[in-house]
Every structure is written in structure tokens, then in C-alpha cells.
Amino acid sequence: MSPEMRSAPARLQGAEPTIFEKSRPGRVGLTLPPLDVDRRPLEDLLPRDMLREEPPGLPEVNQLEAVRHFVRLSHRNHGVDLGFYPLGSCTMKYNPKINEDVARLPGFAGLHPYVPDDLAQGALQLLYEMEQYLCEIGGMDRVSFQPAAGAHGELLGLMLIRAYHESQGRPRKKVIVPDSAHGTNPATAAMCGYAVVEVPSDDRGGIDLEALKRVVDEDVAGLMLTNPNTLGLFDENIAEVARIIHDAGGLLYYDGANANAILGISRPGDMGFDVVHFNLHKTFSTPHGGGGPGSGPVGVKKKLEPFLPVPLVAFDGQRYYWDYDRPQAVGRIRSFYGNFGIVVRAYAYIRALGPEGLRRISEDAVLNANYLMTRLAEIFDVPYKRRCLHEFVVSGTTLKKETGVRVLDVAKRLLDYGVHPPTVYFPLIVEEAMMIEPTESESKETLDFFADALAEIVREAQEDPERVKGAPYTTPVSRLDEALAARKPDVRWRGPAAG
Amino acid sequence: MVSQDRYPEGLRYTREHEWIRVEGEEGVIGVTWFAQDQLGDVVFCEVPAVGSRLTKDEPFGVVESVKTVSDLYAPVSGQVVAVNEELESRPELVNEDPYGRGWIVRVRIENPAELDDLMDAEAYRAMVEGSD
């Protein structure tokens, strides 16, 4: 069946006008009752310099038009509840709906962040227990839930590393990242005032140990690593890497982006890491994409605990309470205590699965990735001939050479199959890279559908490359000029176009 | 003809895919045809200020494309005497004419001996095509 046959119903095709274009002067969504007090001019109520000279250009529509507009837009979204979403390094797994029920329990959903500790014992207990779970999963000693997402967790992690070195006498100067790292790693290190030193990967996809030894000295504050890395490969030399860094007095930061591969199997703390962040919105099944919100808790080994932000949850044997008595803390990095409702969802996930279930998650994620990689090895180049973990990278180099079709075109053509494309052109060390993470959630049928779709696209590229280069065809808008959009961004509604 | 356009004679090349054209005591620097081909459509160039100093092999600017963001590495050390201001409004010149109107900076070369470390067109072509 050609992908065009599977296209969305006609009512969802075509561009949806902006809500401003639907506006008609005087149309309202609610009719207010007549005013029963004296009308006073705005100028009497607010300082004149706080008043607009012209009313804001808000759209004037009725309720039904507003509802239809946003429902129609929502139908144009792609999400994991709608179709396959193998976006590498993003762990777009199923979000169990029971998580939502738990987060909506009135005791959690209706809790005001300023209620006294005594009226929030259940919520505090949940945070306290969740901290223990993440300590156990990560091999850490304490966890802060303040960071609102992964990159925020990285920022806190590097602030903690800096605080630790400062307490030892000097902050040190540089942070090492491998060339396969997520872009956020060097960005975070630079933001914390460190020079970034890149080390190359070896031909097995791990850190080149000799290159590492050459750059390690007394100025190294730490090394940031994702393990398994962005190639989906576990760094087999991690113990040696940790020894080299620790011998020079540096610390190891574990980017938890790929933690879905290791649950219940190996622990960053046991690998030698001193700081770790988890992405609850990846590994622990809370909503990802569309604004999340995210949650990037940071765990540390004992020696970094004094620097964790205030407050932490403590338990005196009888009651839970906020511990603010932390004189060496780096401060507060977010209001209240992070995205609490997200922690509740992740807690529900962990409690539903238990230790054996979590291990099974990672085993199935690795199995799915290896199955898919084996199937795709027949149609794409595989740069590293190894078993992968939860994700893998294939390359379209041969395809591009033979047909002129790039993996960008393949990604666009996948949209016509109702599939979210994989991550493309990352990691940077693989040419024409496609980074694929199926997650444990998907059935064999879905994996086969995806592999078949890619085989069909490759065949089409050989027979009719222009067809692939023009994709997608069945989406509300077709191929966009991304270069023009980036060069001349036009992101603001300025009223109806003249004429 | 095409291959000549891709690796013009008379320029010196870096392993990071920058080129430099020596003009008296100054050098004009840009990225190679291969670099812009790998980057894809360039959407933004961050260039150093006139008067700032480049250090050989150190990053001096950034090229951003729809695919990726990439550092520019200095082929030689020297003071920036001019930057290509046209790139601000027309970054696509890097794609359209990498050895001409897509030039990036002009520097006063501090130490001409540093040029000896760079490749000529033939060596650069061998590096690029050998890696295929």
C-alpha cells in the first residue's frame, strides 16, 4: 500500500488559518451581564504610562470557533500516542495513563506549594522515597529534584563540580567531552566558565584512551559522558576512563540521556561517576515533547552532597520536612521543588514496575534496537559493527552516493508513512547519520512496519529519487524551505497581508 | 572543470576545511567547497570583530547550517583587518561561492612560516577524497 493511501482524512488536510484570520470585529465567546456598578475610566485606576495607547490585537471569535481551531491544530500533531516515534536519544516511550490518574489525585494536584510541612506529609514522603529509588538506580547518595529538564540538570551538575573544586582550593579550568557528546554538554561546561576539550572516539565508538591521557592534567575539572553514548554503544573502558580522570583529581559527570539502556543492569555510581542527571521525561515515562514539562533530577556521591541546592527533603524518623540547613549549598536553581507533578508520574512508573520490571524495560529496549539494527543493516551502512544498546546509528552515505537522496529526504518521506523521523545528522562523527531509538514500548509489528517503510523508501530512491526529494506529500504542509526559514525568520503575526 | 573548482590551485588548506589565499602580507580565509557541501544550507555565520586576533588552530568563528553548527579554525595567526559583512544578510554566499563572495575574514599574517603547515590543493584533495 502506498503511503498516500494511508493519508489523513480530507478534513485534516491543508493549512489551518491562524486564529487571527478568523477574527471578526465584535464577535465574542462570552456575553457578560450588564455592569451593576459605576463605570470608571481606566485612567483613574492605573497610571497613564502603564496603559496601552491602542487596544491589543486579540482575536475576536466565538467559543466554538476557538475550540475547533485548537482541536484541528491538535490533530496535526504527532505524538507517541498517535504513531511510532523513533527519535534517537529522546526515548519517546509510551507514557502509561495510570501515571496521569496518580498525578491527578487531589492530595497531589491540589496541593499548594506554601502549605506547612505537616499538611504535605504524603507529598514529602513521595519525594523522599523517590530520592531513594533514584539513588538505588543510579548508585548515588543524594538527589535533588529541582532541575526542570536535562540541560538544567547538567547546569546544576557542573555547578556542583565547580563548587567541589572551589572547596578544594581552586575551581580548575577545563572539562572534557567526547566528540560523540550531546551538544548540551560542551554548552553547559562553557556556561559554567570552563574551557571545553574534545576527545575523539576510537574505532569501537568509545573514548580514545590515548587521546584522553594526552589532555588530562591538574586543570581538568571533570569529564562529561553519556554511557551508552550517542552511538548507542557502551564505553567498555569506562572503569579505565574513570581511573584516569580521578587520578588527576577530576570528577565524572553522567549524562542520563541514555539511561533507558541500563536500568537494573549497571549503575553510573558503580562505573565511577560522581554526578548523574536523569531525564524523568525520557527514562521514566513522563510526557516528552510538546512542553513536557521535563524533570532532570541530579544525583551525587557523598562528597558532593554538601553543595546540592536548598532545600532537600529530610526525615527525622517520624515526620518529613524541608531541610534548609545547608550552608555550602550552591543556592536554589528553581522555584519550589522542580516539576513536582512529573516526579509523581515517574514515581508511579517505578512503583508499577518494581526492580525486575525496570530491568525488563532496559532489556526489551536493547532487544528492540538490535532487532531493528539487524534489519536496517540490509539497506543502510552500519558504521560500528557491534551489538548496540537501546539505540543505534546507521548511515545513508552509500544511498547518497548512488542516488543523490540524503537521509534528510528519507526522514521527510517517513512522514508520509505516519512515522516521526529518527534523529538525523547526529552524532556529528557519522556522515549522513540516522539515529534510531525504538524504545521497549513497540511491538515487533511496528518495528517491521518501520523497517519495511525504510526499505520501500530506499527502493523508491533508486527508481525515482526526485519523488523522495520532494516529500512529504500527505502532511498539511509539504516540504518547507528550512534554510529560508532560518535565514529570514518571520515569526510574528502582523495583520492581514496587504491586498 | 568541476574538480578544479572544488580544489582551486594557489590556496592553502587546513585539515578542518578552511582555505587561505595569500595576498601580500594579508590572507583571505573561507571554508572549502567540501565544507559547505557537508554543512548543507548555511543560515548564519558568526565572524570575529575587525581588530581581533586569530590564533592558529584555534576557533575564531562559527558557521551554522540547517544540519549543524561548526567551528571555524584559524589557518594562521593574525589580526583581522576585514570581515565579509555581506554574510550577515546573505549567508548563502558560503554555499554559492565558497572561494569568492563567500569569503569570511581577511587577516594580517603574523608569521608566514605558519603557512608551511597547510596543504596545497593536491594534498587537500587527496585528504578529502581519500576519506571517501
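To the nearest 0.5 angstrom, B/Asp41 atom CG is 10.0 Å from A/Leu484 atom CG. A distance of 11.5 Å separates CD in B/Gln38 from CG in A/Leu428, rounded to the nearest 0.5 Å.
The 12-atom threshold is exceeded at CZ of A/Arg479, counting heavy atoms of other residues, nucleotides or ligands nearer than 6.0 Å. Around CD of B/Glu86, the count of heavy atoms belonging to other residues, nucleotides or ligands within 6.0 Å exceeds 12. Counting non-hydrogen atoms of neighbouring residues, nucleotides and ligands closer than 6.0 angstrom, the NZ atom of A/Lys173 reaches no more than 12 such neighbours. The environment of CD in B/Glu85 is sparse: at most 12 heavy-atom neighbours from other residues, nucleotides or ligands sit within 6.0 Å.
Proximity of a side-chain donor or acceptor of A/Arg487 to a complementary backbone N or O of B/Ser89 within less than 3.5 Å is not detected.
Summarising the geometry of A/Ala483 relative to B/Val43, their closest heavy-atom pair is O-CG1, 3.7 Å, with the distance given to 0.1 Å.
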